[in-house]
Amino acid sequence: MSERSDRSAETTRPPAGGDGVDLATDTFVTHRNLLFTVAYEMLGSAADAEDVLQETWMRWVEVDPGIVREPRAYLVRIATRQALGRLRSLRRRRETYVGPWLPEPLLTAPDVAEDVELAEGVSMAMLLVLETLKPTERAVFVLREVFDLDYDEIAEAVGKNRVTVRQIAHRARNHVAARRPRAVVSPAENRVALVAFQRAVETGDLQSLLDLLAPDVVFLSDGGGVVQAALSPVVGVDPVAELLTVGLGRIAGSVSVHSAQVNGHPALIIRMGKAVEGVLTVRTEDGLITGLYFVRNPEKLSRVGQETALRR
């Protein structure tokens with residue numbers, strides 16, 4: 001069912017101004033962080049998620065929230081449809097992106113880390129896995145596995161019937177299971193790895209960091225063609241060790257490194273003076289580093305200056 005037919009079936013336009021607008025505003029504000037989180041998990045971009053929120057708001061104020069039976073579900077439906085349309089265009093743009101594409105990092109509050117499912121859903125590693133799904137598969141997976149919506153709600157959001165949605169969910173779940181980290185990421189292990197990285201930057205002593213690299217470690221750096229970064233994934237302990245030895249040797253002592261919570265997990269923010277040079281997150285398994293993700297694209301670093309509220 002289209003949004004237009006949804007509106008005609010469930011709602012009527014509110015009176016201009018007055019209580020209708022106030023109620024619409026209050027309802028939207030109540031669910032804003034949830035809607036942003038849905039859009040961000042579907043897009044991996046805070047800037048695009050904000051655009052989705054604006055589009056959702058513009059459609060929401062056209063209806064009378066006082067007679068919408070389930071405002072939360074209705075708003076999620078609008079946001080999902082807007083995000084799906086944007087995701088399809090973003091996928092085309094990312095095909096011509098210079099170098100590896102990484103999600104936009106978000107400075108998050110401690111409560112995100114406490115919600116294990118939410119933290120896993122917005123982690124760099126998981127968002128990269130979600131990039132391998134088709135747009136509708138990604139929407140169905142996010143709404144079902146992270147936000148626990150029922151199949152009828154998801155069907156309304158993606159414009160499919162319930163049976164089809166269940167099939168898509170099953171396919172997406174299997175796809176993600178085959179590619180996601182084999183175990184839940186340990187914050188403690190991540191901190192050990194990041195402490196070793198910070199020591200390497202501050203002292204030039206890399207050995208404790210190199211000792212933590214897994215044989216199949218992958219290093220991804222995202223400069224977006226704007227700043228220097230590896231233009232393809234660096235795979236394997238020897239190539240990654242060589243890259244780190246050269247790269248960290250150049251910047252040791254010239255930058256400051258600060259620990260932070262990014263996307264619900266421990267991370268490092270690297271600054272040159274007051275300017276943010278990059279954000280580093282890691283994935284560890286069995287005490288070894290299997291993934292290093294270094295975001296340097298300046299267009300993606302604006303959200304590490306203040307916390308972003310994420311909600312389920």
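What's counted below: heavy atoms across the whole structure, side chains too, no hydrogens, waters or symmetry copies. Everything numeric here is computed off the predicted structure, so don't read it as measured data.
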For Q207, does the CD atom sit with more than 12 other heavy atoms under 6.0 Å from it, leaving out its own atoms? yes
Path from V68 to L53 over hydrophobic side-chain contacts below 4.5 Å: yes
What closest approach, in Å, do L206 and L244 show between heavy atoms, and which atom pair accounts for it? CD2-O, 3.5 Å
So, H175 and R171: side-chain donor and acceptor under 3.5 Å apart, yes or no? no
Who are the side-chain contact (heavy atoms from CB on, under 4.5 Å) partners of V227, not counting sequence neighbours? R296, P298
What's the spacing between L310 CG and T37 OG1 if we round to 0.5 Å? 4.0 Å
Check whether any side-chain heavy atom of V235 lies under 4.5 Å from a side-chain heavy atom of D216, and answer yes or no. no
Heavy-atom distance under 4.5 Å between the side chains of F141 and I154, does that happen here? no
How many angstroms lie between CD in Q198 and OG in S256, if you round to the nearest 0.5 Å? 9.5 Å
Show, in sequence, the C-alpha distance, side-chain angles and deciding distance for L130 and M126, and conclude whether the side chain to side chain contact (heavy atoms under 4.5 Å, CB included) test is met. CA-CA 6 Å; L130 295 181; M126 178 56 76; 4.3 Å; yes
Which pair of non-hydrogen atoms, one from A200 and one from L209, has the smallest distance, and what is that distance? CB-CD2, 4.2 Å
Would a single hydrophobic cluster contain both V255 and L248, if residues Ile, Leu, Val, Met, Phe, Trp and Tyr are joined by side-chain heavy-atom contacts under 4.5 Å? yes
Run D211 and S208 through side-chain hydrogen bond (donor to acceptor under 3.5 Å, both in side chains) and show every step you take. CA-CA 5 Å; D211 288 342; S208 59; over 6 Å; no
Run the salt-bridge test on R91 and E131 with the 4.0 Å N-O cut-off and return the result as yes or no. no
We want to know whether D22 and T25 form a side-chain donor-acceptor pair, criterion being a heavy-atom distance below 3.5 angstrom. no
Do you reckon V176 sits in the same ILVMFWY cluster as V146, going by side-chain contacts under 4.5 Å, direct or chained? yes
Would you say T164's side chain and K160's backbone share a donor-acceptor pair under 3.5 angstrom? no
One thing to verify: whether R312 and D115 come together as a salt bridge, which I'm taking to mean a side-chain N less than 4.0 angstrom from a carboxylate O. yes
Does the side chain of V52 come within less than 4.5 Å of R86's, by heavy atoms? yes
So, is the end of the R144 side chain (NZ or CZ) under 6.0 Å from the ring centre of Y151 and within 45° of the ring's axis? yes
Dump the intermediate steps for side chain to side chain contact (heavy atoms under 4.5 Å, CB included) on L194 and L280, then the final yes or no. CA-CA 8 Å; L194 292 169; L280 179 82; 4.0 Å; yes
Output the distance between atom OG (S221) and atom CG (L231), rounded to the nearest 0.5 Å. 7.5 Å
N-O pairing of R271 and E277 below 4.0 Å: no
Between CD1 of I168 and CG of L133, what distance do you get to the nearest 0.5 Å? 11.0 Å
Determine whether a donor-acceptor pair (N or O, by modelled atom type, separation under 3.5 Å) exists between the side chain of T96 and the backbone of R93. yes
Evaluate the side-chain hydrogen bond (donor to acceptor under 3.5 Å, both in side chains) criterion for residues Y97 and D222: first the C-alpha distance (whole Å), next the side-chain angles of each, then the deciding distance (0.1 Å), finally the verdict. CA-CA 10 Å; Y97 193 80; D222 179 345; 2.6 Å; yes
Check whether any side-chain N or O of Q261 sits under 3.5 Å from a backbone N or O of P110 as a donor-acceptor pair, and report yes or no. no
Would you say the side chain of F147 lies within less than 4.5 Å of the side chain of L34, judging by non-hydrogen atoms? yes
Side-chain heavy atoms of D111 within contact of R311, under 4.5 Å: yes
If you define the side chain from C-beta out and look only at heavy atoms, does anything of P105 sit under 4.5 Å from M124? yes
Of the non-hydrogen atoms in A79 and L35, which two are nearest, and what is the gap between them? CB-CD2, 4.1 Å
Nearest non-hydrogen partners of I269 and V276, listed with the distance: CG2-CG1, 4.0 Å
Do L243 and V282 share a hydrophobic cluster, counting only Ile, Leu, Val, Met, Phe, Trp and Tyr and linking them when any side-chain heavy atoms are less than 4.5 Å apart? yes
Evaluate whether atom CD of E70 has more than 12 neighbouring non-hydrogen atoms of other residues, nucleotides or ligands under 6.0 angstrom away. no
Can you measure from CZ (R180) to CZ (R173) and round to the nearest 0.5 angstrom? 10.0 Å
Quick one: does V218's side chain get under 4.5 Å of L292's, heavy atoms only? no
So do H258 and L268 actually touch side chain to side chain, heavy atoms under 4.5 Å? no
Could you walk me through whether Y40 and N263 satisfy the side chain to side chain contact (heavy atoms under 4.5 Å, CB included) test, starting with their C-alpha distance in whole Å, then the side-chain angles of each, then the deciding distance to 0.1 Å, before giving a yes or no? CA-CA 11 Å; Y40 175 73; N263 289 54; 2.8 Å; yes
Between the side chains of E285 and R283, is the shortest nitrogen-to-carboxylate-oxygen separation below 4.0 Å, so that they form an ion pair? yes
Got a salt bridge between R162 and D150, using NZ or NE/NH1/NH2 to carboxylate O under 4.0 Å? no
If you compare all heavy atoms of G291 against all heavy atoms of V217, which two are closest, and at what distance to 0.1 Å? N-CG2, 4.2 Å
Any salt bridge between E41 and R138, counting N to O under 4.0 Å? no
Test item: side-chain donor near acceptor, N190 and T284, under 3.5 Å: yes
State which residues pass side-chain contact (heavy atoms from CB on, under 4.5 Å) with V192; sequence neighbours excluded, sorted by chain then number. L212
For the aromatic rings, using the six-membered ring if either is Trp, is the centroid distance between F28 and W60 under 6.0 Å? no
State the CG-OG1 distance between L149 and T80, to the nearest 0.5 angstrom. 7.5 Å
Any donor and acceptor pair, going by atom type alone, linking the side chain of H265 with main-chain N or O of A119 inside 3.5 Å? yes
Test log, rule side chain to side chain contact (heavy atoms under 4.5 Å, CB included), inputs V38 and L143: CA-CA 8 Å; V38 169; L143 295 178; 4.1 Å; yes
Is it possible for you to say whether F197 and Y293 belong to one hydrophobic cluster, with membership spreading through side-chain heavy-atom contacts below 4.5 Å? no
Would you find more than 12 non-hydrogen atoms of other residues, nucleotides or ligands less than 6.0 Å from M58 atom CE? no
Under 3.5 Å, side chain of K134 to main-chain N/O of A172, donor-acceptor pair present? no
R32/E50 ion pair, N-O < 4.0 Å: yes
Minimum-distance pair of heavy atoms, taken over all atoms of T290 and A214: CG2-CB, 3.9 Å
